[in-house]
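Worksheet for the structure shown next.
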Amino acid sequence: MLFSNRDLRKIIIPLLIEQFFVVLVGMADTVMVSSCGESAVSGVSLVNSFNLFLTYLFTALCGGGAIVIAQLIGKKDFGKAMEAGKQLIFTTFFIATFVSIIMVFFRKYILGLIFGKIEFDVMQNALDYSLYTSISFIFLVLYNAGASFYRAQGNTRISMAVSLITNFLNVAGNALLIFGFNMGASGAGIATLFSYIVGSIIILVCACRKNKAIYIDKIFRYKPDFRLIKNIFGVGIPYGIENGMFQFGKVITLSLISALGTAQIAANATANTLVGFQYACGTALGLAMTAVVGRCVGAKQKQQAKHFAKKLTAITYVCVISVSIILCLFSNFFVGMFNLSTGATKLAQKIIFIHSIFICTIWPIGFTLPNSFRSANDTSFTLIISLSSMWALRVGLSFVFTGYLNMGVMGVWYAMFCDWIFRAIIFGTRFISGKWLTKYTFN
């Protein structure tokens, strides 16, 4: 076996710690901003929902790079793996810089177009927060590219350590700027920007150190290698479109919620923040699957690719169920931290309980398992199924449940669960058939 149980633990545990801290910091952001009122937390949550669209797009591009690097390592072509890391850093940097410029100058029109007519105070907080988070995309991408370079090698401790530093700075900056200087949503945005700047610098400096077999050599001497870029984009762009459209679909459904009033926006934002701990398990195991299955694919070990895909999906179930039990048992305490009204508190708790049932039974097959497909270059199938399911079920049914059946914010969540069920059926069948392994040559 290419990976022992000890090897898997060394990959998975740092990723779990990293992802939990990412969610914890997001929750701390929301809790701190909520002290400024429901308008502030609603404005920040609306921006974050749109930021996730771009963040997942960038993360997917970096994920494509990680898969290419992992496959090259599996082939033991370390020189090409190092060059692929450099190509990943520069190409994503150029893309993120362009997007950041657009967002800084046109954020008012973009947010207005997406969310429509919302309360003035909510929009003002959203604009203040969006200014700084838009600039932070550049540094977030640099961090993600560096982290992907390490994860592809199976070295997840570096990205975990840098993430912990970044998150500590974010929380400390929030506390100082929100409570010390009363800067509200702007303070949260500045803290996010500063933490990403520091994190990106640290991880790139580490990636350039020549004290290991694979590193970024001569980072300031860049020459495009269009063959490697094509390989990276060949995986990253379909995954990016899938993730980007997925998040865009969530933004569209959030536009429905934004018209339901501040209480339902706040309840939805709180529930989304807390269930993020459940998603953190799947995110961590998905990243691990990219490195592990990608390495197996590069080494042309077909049976090992299948074995580790099943094993990592099973571990995802164990982690998700464990977190869900804790979240449900202590939901009163967790929701209480957000200072919501009584109605919003009860609604947030209801969302968490129902969400826990579905994520513990369906979600890993529909979302974690497909990472094995991408690691074997089976990207077109996952793209087509994901987009079809998202638009027809998640978005389409959201309008039906919320707009016509008057189910409120719960209608959006029920539509999402229908999307999950469809994905799980299709992707589970795809995995069992073995067709996902036909896109890569194992001869």
Side-chain angles (χ1 to χ4, degrees), residues 21-36 39-62 92-93 95-115 118 121-145 147 163 165-178 181 183-201 240 243-244 247-248 250-251 254-255 258 265 269 272-273 276:
F21 268 90
V22 168
V23 177
L24 186 63
V25 168
M27 187 177 72
D29 279 354
T30 306
V31 170
M32 291 181 185
V33 173
S34 68
S35 67
C36 304
S39 294
V41 72
S42 296
V44 169
S45 71
L46 291 178
V47 173
N48 279 338
S49 67
F50 179 73
N51 286 351
L52 277 175
F53 161 65
L54 295 173
T55 299
Y56 274 84
L57 180 63
F58 297 141
T59 301
L61 289 175
C62 292
T92 53
F93 168 75
I95 294 171
T97 300
F98 174 76
V99 171
S100 292
I101 292 171
I102 297 297
M103 281 302 303
V104 167
F105 290 102
F106 299 101
R107 68 188 187 283
K108 180 177 181 179
Y109 306 101
I110 293 172
L111 295 177
L113 178 65
I114 294 171
F115 299 116
I118 57 178
D121 289 342
V122 174
M123 177 57 82
Q124 192 57 53
N125 279 286
L127 291 173
D128 292 342
Y129 182 67
S130 179
L131 172 62
Y132 301 103
T133 57
S134 296
I135 301 172
S136 73
F137 288 142
I138 299 171
F139 305 98
L140 172 62
V141 160
L142 289 175
Y143 165 78
N144 278 336
S163 179
I165 294 171
T166 302
N167 291 327
F168 172 78
L169 291 174
N170 197 350
V171 172
N174 281 335
L176 176 64
L177 297 177
I178 293 175
F181 291 91
M183 295 183 67
S186 294
I190 293 171
T192 298
L193 172 59
F194 176 73
S195 64
Y196 283 150
I197 291 173
V198 175
S200 64
I201 292 172
N243 268 357
Q247 291 302 322
F248 186 61
K250 290 179 68 175
V251 171
L254 190 59
S255 68
S258 66
I265 295 175
N272 267 318
T273 299

Notebook entry, point to check: How long is the span from the CZ atom in Phe58 to the CD1 atom in Ile138, to the nearest 0.5 Å?
Noted result: 9.0 Å
Checklist line | Check: Ser134 main-chain N/O paired with Ser100 side-chain donor or acceptor under 3.5 Å | finding: yes
Next item on the list: Could you pull out the closest heavy-atom pair between Phe139 and Ser200, with the gap in Å?
Entry: O-CB, 3.4 Å
Note to self: When you compare the side chain of Asn167 with that of Val171, does any pair of heavy atoms fall below 4.5 Å?
What the structure shows: no
Margin query: Is any side-chain heavy atom of Ile201 closer than 4.5 Å to one of Val198?
Written below: no
Check: Would you say Leu193 and Thr133 make side-chain contact, with heavy atoms under 4.5 Å?
Finding: no
Item checked: Point-to-point distance, once rounded to the nearest 0.5 Å, from CG of Leu140 to CD1 of Ile135 -> 13.5 Å
Notebook entry, point to check: Between atom CD1 of Ile110 and atom CD1 of Ile102, what is the distance when rounded to the nearest 0.5 Å?
Noted result: 7.5 Å
Margin query: Could you report the tightest heavy-atom contact between Arg107 and Leu127, atom names first, then the distance?
Written below: NE-O, 3.1 Å
Item checked: Interatomic spacing from OH in Tyr143 to OG in Ser195 - rounded to 0.5 Å -> 11.0 Å
Next item on the list: Take Ile101 and Phe105, measure what side-chain contact (heavy atoms from CB on, under 4.5 Å) needs, and give me the verdict at the end.
Entry: CA-CA 6 Å; Ile101 292 171; Phe105 290 102; 4.0 Å; yes
Next item on the list: Taking the side chain as every heavy atom from C-beta outward, state whether Phe93 and Leu142 have any atom pair closer than 4.5 Å.
Entry: yes
Notebook entry, point to check: Does a side-chain heavy-atom distance below 4.5 Å link Val47 with Leu111?
Noted result: yes
Margin query: Tell me whether Tyr196 at atom OH has more than 12 heavy atoms from other residues, nucleotides or ligands lying less than 6.0 Å away.
Written below: no
Next item on the list: For residues Ala185 and Tyr129, report the shortest heavy-atom separation together with the two atoms involved.
Entry: O-CD1, 3.3 Å
Item checked: Student check: side-chain heavy atoms of Leu61 and Ile95 closer than 4.5 Å -> yes
Notebook entry, point to check: Within a strict 4.5 Å, meaning less than it, do heavy atoms of the Val99 and Leu54 side chains meet?
Noted result: yes
Margin query: Could you measure the distance from the OG1 atom of Thr192 to the CG atom of Asn48? Nearest 0.5 Å is fine.
Written below: 7.5 Å
Margin query: Any non-hydrogen side-chain atom of Phe21 less than 4.5 Å from a side-chain atom of Thr166?
Written below: no
Check: About how many Å separate OG of Ser186 and CG of Leu177, when rounded to the nearest 0.5 Å?
Finding: 9.5 Å
Item checked: Heavy-atom pair with the smallest gap, counting every atom of Gly173 and Ala191 -> C-CB, 3.6 Å
Next item on the list: Please name the pair of heavy atoms, one in Ser130 and one in Met103, separated by the smallest distance, quoted to 0.1 Å.
Entry: OG-CE, 4.1 Å
Next item on the list: Indicate the atoms forming the closest heavy-atom contact of Ala145 with Cys62, along with that distance.
Entry: N-SG, 3.6 Å
